[in-house]
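Scroll down for the structure; my scribbles are underneath it.
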Amino acid sequence: MAWYFRASLTMNVLLLVGTVVIIPHALGCYTSIIGFGDSTADTGNSYLNALYHHDEPFHFFFPPYGEDFFHHPTGRCCDGRLIIDFIAESLGLPLVRPYFEILNVNETVRNFEEGVNFAVVGATALDTDFLEQMGHYNEFTNFSLRIQLDWFKGMLSPLCNTTSDCGDLLSSSLVLMGPIGGNDYTHALFAGDSFQIVRTFVPVVIEAMASAINELIGHGASTLLVPGNFPIGCLPAYLTFYEGSDESEYDPSTGCLTWLNKFSEYHNEQLQIKLSQIRSLHPHANIIYGDVYSATLQLYQSPKQFGFTWEATRACCGGGGTYNYNSSAQCGLTGASACANPEESINWDGLHCTEAANRWITKALLYGNYSIPHISTSCVSQL
């Protein structure tokens, strides 16, 4: 999910994107993670791409991003670790390195076998050509899911002499397909498109995801975790954009906008229907739906139960306002500041979860009832 502004500062922040945490290997269920997605999963690709092309830096390239755990910005849209990071740790694997880092050091074979992350901030499930036909230009990136898949195939081809070789390489990997798709809706809604128009995007977004999943299975992927969409009606950026809505449109128990959460539910329902169809086509593949919607919503429903004492619908880092989100003073820019204790906040910068929330969401996916079918706990260690 993305709604970003470039900073007018020169890029002079040293980022150590590929930090590796060595922890005991779990039970060897997976040897690597292959990731696709957007800002909720990007571990540094957006930063490295901007660095290599001398582009203006985005606000999330600067402190206080990364202040927890890494103690410096890493290109992650968070104060610390993302869901993909916690999944890697739970599997006893190193943090998944971004594609552009691996590409730069030219160690494709070794690093591919150790996992690779193709996710990029601002990425959409739909190709930019489609979105531009709908009147939307993505100023953040043109690295759609299709392009990420092309990168994957480009890395894969030198390693596989036969289909069997590719199958052997991918069968022991966990493929994390997203989160992806949120930006397709966010860009349109924030551009002023009506809810009715944006709702028509859903089947096309789901089909783009399904096409990528089918192609990955065709290359030998056997276990895929496919997260749904988050409860966007709880995000400070959305709450700010639609501030002043009729009181009846808010959930009194959470303060979230009900109609936006219903939209996320619709996306997730259509995604699950499509995943069921894919399972029928590929009964040998283990296709897991990750219910990040429910896993996140529970944090807003009972924040204190999870240790979140900061107002649930306010961003920890922002430029003020009812929800501490200001598109002109985003986290990392002049005029914005961070709360003293991010671990007590659900939302980091208006669009993304804090490390603390990401940890709880990952726990829900791996150890709770928020993955369908349930992920075997024999494969994971406690976070």
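No hydrogens, no waters, no symmetry mates; every other heavy atom, side chains included, goes into these values.
- At a threshold of 4.5 Å between non-hydrogen side-chain atoms, the residues C78 and E355 count as touching.
- Of all non-hydrogen atoms in G228 and P179, the two that sit nearest each other are O-CB, 4.4 Å.
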Problem set entry | ring pair (Phe, Tyr, Trp, His ring centres under 6.0 Å) between F201 and Y185, worked out | CA-CA 8 Å; F201 289 13; Y185 312 133; 7.0 Å; no

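- Looking only at side-chain heavy atoms (C-beta outward), T313 and N347 stay at 4.5 Å or farther from each other.
- A salt bridge links E215 with R146: the closest approach of a Lys/Arg side-chain nitrogen to an acidic carboxylate oxygen falls below 4.0 angstrom.
- A cation-pi geometry, defined here as NZ or CZ lying under 6.0 Å from the six-membered ring centre and within 45° of its normal, holds between R81 and F69.
- A donor-acceptor contact under 3.5 angstrom links the side chains of T322 and E243, judged on distance only.
- Between F118 and Y99, the two ring planes are tilted [angle within 30° to 60°].
- Counting all heavy atoms, side chain and backbone alike, N358 lies closest to L82 at ND2-CA, 3.6 Å.
- Scanning for disulfide bond (SG atoms under 2.5 Å apart) contacts around C353 gives an empty result, with sequence neighbours left out.
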For this session: Run the numbers on S144 and D127 for side-chain hydrogen bond (donor to acceptor under 3.5 Å, both in side chains), then give the verdict.
Result: CA-CA 6 Å; S144 65; D127 291 336; 3.0 Å; yes

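- Taking 4.5 Å as the limit, some side-chain heavy atom of Y289 sits within range of a side-chain heavy atom of D291.
- Annotation: the span from S171 atom OG to N286 atom CG amounts to 12.5 Å, rounded to 0.5 Å.
- For N324 (side chain) and G320 (main-chain N/O), a donor-acceptor pair under 3.5 Å exists by modelled atom type.
- Looking only at side-chain heavy atoms (C-beta outward), S264 and F230 stay at 4.5 Å or farther from each other.
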Problem set entry | Stepwise side-chain hydrogen bond (donor to acceptor under 3.5 Å, both in side chains) test for S39 and H352 | CA-CA 8 Å; S39 58; H352 307 97; 2.7 Å; yes

Problem set entry | Stepwise disulfide (SG to SG under 2.5 Å) check, C316 with C339 | CA-CA 5 Å; C316 168; C339 61; 2.0 Å; yes

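- With 3.5 Å as the limit, one finds a donor-acceptor pair spanning the side chains of T309 and E344.
- For the atom pair CG (L299) and CH2 (W360), the distance works out to 8.5 Å, reported to the nearest 0.5 Å.
- Checking T43 against N117 by side-chain atom types alone, a donor-acceptor pair falls below 3.5 Å.
- Atom CZ of F241 and atom OG of S245 lie 10.5 Å apart (nearest 0.5 Å).
- By the 6.0 Å and 45° rule, K262 does not stack over the aromatic ring of W259.
- Ring pair F58/F61 is perpendicular by interplanar angle, where above 60° counts as perpendicular and below 30° as parallel.
- Side-chain contact between W151 and V116 is absent, with no heavy-atom pair separated by less than 4.5 Å.
- Residues Q298 and F306 meet the side-chain proximity criterion, which asks for heavy atoms closer than 4.5 Å.
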Problem set entry | Worked verdict on Q301 versus S253 for side-chain hydrogen bond (donor to acceptor under 3.5 Å, both in side chains) | CA-CA 7 Å; Q301 293 170 332; S253 67; 5.7 Å; no

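- Under the 4.5 Å side-chain heavy-atom criterion for Ile, Leu, Val, Met, Phe, Trp and Tyr, I213 and I147 are members of the same hydrophobic cluster.
- The side-chain heavy atoms of L235 and Y325, taken from C-beta on, include no pair separated by under 4.5 Å.
- Taking the six-membered ring for Trp and thresholds of 30 and 60 degrees, Y242 and Y238 have nearly parallel ring planes, at less than 30 degrees apart.
- With contacts defined as side-chain heavy-atom distances shorter than 4.5 Å, the pair L225/V175 does not qualify.
- Separation of atoms CG (D150) and CZ (F143) is listed at 11.5 Å; rounding is to 0.5 Å.
- Here the closest heavy-atom approach between residue L145 and residue A125 is recorded as CB-O, 3.9 Å.
- With Y65 as the aromatic partner, R76 does not meet the cation-pi criteria of under 6.0 angstrom to the ring centre and within 45 degrees of the ring axis.
- Ring orientation note: the planes of F36 and F152 are nearly perpendicular, at an angle over 60° on the 30°/60° scale.
- Closest approach of A315 and G350 over heavy atoms only: CB-N, 3.5 Å.
- For the residue pair N214 / H282, a side-chain donor-acceptor distance below 3.5 Å is found, with atom types taken as modelled.
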